[in-house]
2 protein chains.
Amino acid sequence: MAKYPKIPEATIRRLSNYLKCLEDLEAKGEKVASSSHLATICNVNAAQVRKDFAYFGEFGIRGMGYNIKELKDHIKEILGINREWRIAVIGIGNMGSALLVYKDFLKQNYRIVAAFDIDPSKVIGHISERMGRPVEILHIDRLKEVIEARKIEIGIITTPPQEAQKVADLLVEANIRGILNFSPAPIRTPEPVKSMNLFFTAALDNLVYHLTNN
Amino acid sequence: MAKYPKIPEATIRRLSNYLKCLEDLEAKGEKVASSSHLATICNVNAAQVRKDFAYFGEFGIRGMGYNIKELKDHIKEILGINREWRIAVIGIGNMGSALLVYKDFLKQNYRIVAAFDIDPSKVIGHISERMGRPVEILHIDRLKEVIEARKIEIGIITTPPQEAQKVADLLVEANIRGILNFSPAPIRTPEPVKSMNLFFTAALDNLVYHLTNN
DNA sequence: ATTTGTGAAGCACTTCACAGCC
DNA sequence: GGCTGTGAAGTGCTTCACAAAT
């Protein structure tokens with residue numbers, strides 16, 4: 001906790017991105033990357049790259065650059081994704097079903113180990129037929145019990161907006177640590193529970209602003 | 001084009017959020033909102049709220065606050081969402097199907113008027129059965145033709161990552177104006193085409209960082 | 001020779017504080 | 001009296017530029 005000094009939020013977001021780029025470089029067989037190379041790929045300034053890493057330690061070799069494998073491990077440790085995170089998805093409509101089989105989660109140590117809905121019988125046909133039933137859909141009444149039993153730390157909300165805050169409250173009661181909310185209604189959670197709201201239309205609004213005003 | 005002075009990117013993101021909050025207030029029957037009221041709801045500073053709006057004009061009444069209906073209209077005009085935007089979704093897997101029936105798009109003047117896949121026959125059963133086939137799924141070979149015929153300005157990519165850049169290139173060739181990329185591989189587009197990458201795992205990484213380091 | 005790590009400068013966004021207006 | 005709009009102050013992030021390291 002508070003292992004590092006105060007880090008700009010923008011730096012944290014870039015770390016995810018560096019990691020992705022480093023994985024691509026590694027896939028191409030590269031072993032070392034300089035700050036300026038990484039900067040070009042990630043569309044940022046080279047000094048920014050160095051400063052971002054320097055917040056957390058001295059990871060590079062002067063005259064050489066950064067060892068890709070090592071740097072990846074450092075970033076994973078900084079972000080806290082150097083271990084498995086167990087996740088529950090609540091609300092198994094179209095979006096929830098899509099997340100249950102979202103390949104990129106698995107690759108990254110994010111494991112969906114429970115799925116809940118208010119009417120599991122309705123979705124079972126859909127899920128099993130198309131996706132091979134990745135996890136059993138449970139009734140939301142079992143939320144607290146199952147979250148505790150399966151040591152789940154993160155909840156993803158994909159319910160209709162009217163239900164989002166209610167589900168968030170249930171998750172908090174079940175001692176969840178963090179919530180990612182995909183529903184279009186923002187949720188609030190009391191300390192120390194962290195929550196993030198992720199709205200698709202906000203991204204579209206942003207895109208449209210730039211189409212309209214540039 | 002360039003109707004306004006240089007506006008902080010953060011301001012643009014907040015505008016979407018203000019709009020959502022104003023709609024909630026309106027639904028509760030409110031007619032007027034002060035900057036400090038809006039600030040509380042949106043979790044920002046009241047001066048920030050006033051400054052954000054002041055970039056674009058004088059929308060408030062001193063001693064009173066902001067007329068909610070008028071302010072909503074101003075924000076919609078600023079963002080460019082005071083008209084319909086016609087959208088194509090490319091890649092009708094789980095995520096693409098989910099977007100085809102995503103209710104919030106419709107509410108906001110975002111209309112998905114075409115859907116493409118490399119193998120439309122595979123997805124038709126799934127789509128029609130579960131969702132009442134909101135739009136016909138077309139073969140990707142028809143992308144350019146249909147985008148032009150249907151006056152589509154925005155493309156949403158929900159293909160597997162290996163295909164994302166190829167699809168982006170096709171969209172650019174079809175004279176798309178903007179692209180929202182949901183695939184986990186970042187895409188690049190030449191000027192003047194705008195593109196935004198939206199990665200779920202990046203949001204999770206961010207959440208996990210805060211769970212790990214606070 | 002090359003590239004990192006970093007203090008200092010530059011720049012941009014946020015907040016303050018108050019004049020101006022209703 | 002209450003609230004907006006805004007110059008000025010404050011804060012924080014980004015970029016520069018160079019010493020330090022290999």
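This structure is a prediction, so every number in the text was calculated from the model and none was measured. Per chain, numbering begins at 1; letters A, B, ... match sequence-line order.
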(message) If I take atom CD in residue E58(B) and atom P in nucleotide dC21(C), what distance separates them, rounded to the nearest angstrom?
(response) 9 Å
(message) From CD1 of I61(A) over to P of dT3(C), roughly how many Å is that when rounded to an integer?
(response) 13 Å
(message) Could you tell me how far apart F56(B) (CZ) and dT4(D) (P) are, to the nearest whole angstrom?
(response) 17 Å
(message) Between F53(A) and Y18(A) (judged by ring centroids, cut-off 6.0 Å), do the two rings come close enough to count as a pair?
(response) yes
(request) Indicate the ring-plane relationship of F200(B) and Y102(A), choosing parallel, tilted or perpendicular according to the 30° and 60° boundaries. (result) tilted
(request) Select one nucleotide: of dT14(C), dT15(D), dG5(D), the one nearest the side-chain heavy atoms of R50(B). (result) dG5(D)
(message) I'd like to check the salt bridge (Lys or Arg N to Asp or Glu O under 4.0 Å) partners of E153(A); sequence neighbours left out, ordered by chain and number.
(response) R83(A), R177(A)
(message) Check the phosphate of dT4(D) against S35(B), side-chain N and O only, distance under 4.0 Å to OP1 or OP2. Yes or no?
(response) yes
(request) Give F59(B) one of three labels, base, sugar-phosphate or nothing, depending on what nucleic acid heavy atoms sit under 4.0 Å from its own. (result) sugar-phosphate
(request) Verify the ring-centre separation between Y55(B) and Y4(B): is it less than 6.0 angstrom? (result) no
(request) Quickly work out the K51(A) NZ to dT6(C) C1' distance and round it to whole Å. (result) 5 Å
(request) Could you check how far CZ of F53(B) sits from P of dC13(C), rounded to whole Å? (result) 17 Å
(message) Any base atoms under 4.0 Å from Y66(B), or only sugar-phosphate, or nothing? Heavy atoms, all strands.
(response) sugar-phosphate
(request) Starting from C1' on dT14(C), measure out to CD1 on I12(B) and report it in whole angstrom. (result) 16 Å
(request) Determine, step by step, whether N175(B) and E148(B) satisfy the side-chain contact (heavy atoms from CB on, under 4.5 Å) criterion, reporting the C-alpha distance in whole Å, the side-chain angles of both residues, the deciding distance to 0.1 Å, and the verdict. (result) CA-CA 8 Å; N175(B) 298 306; E148(B) 288 173 354; 3.1 Å; yes
(message) So, OP1 or OP2 of dT6(C): does either fall under 4.0 Å of a side-chain N or O from R62(A)?
(response) no
(request) Look at the side chain of K6(A) and decide which nucleotide, out of dT15(C), dC13(D), dT4(D), has an atom nearest to it. (result) dC13(D)
(request) Describe the nucleic acid contact of A47(B) in one word from base, sugar-phosphate, nothing, applying a heavy-atom distance below 4.0 Å. (result) base
(message) Measure CG/N45(B) against C1'/dG5(D) and give the value in whole Å, please.
(response) 14 Å
(message) Without decimals, in angstroms, what is the distance between L38(A) CG and dT2(C) C1'?
(response) 17 Å
(request) Return the nearest nucleotide to the side chain of R14(B); candidates are dT14(C), dG5(D), dT4(D). (result) dT14(C)
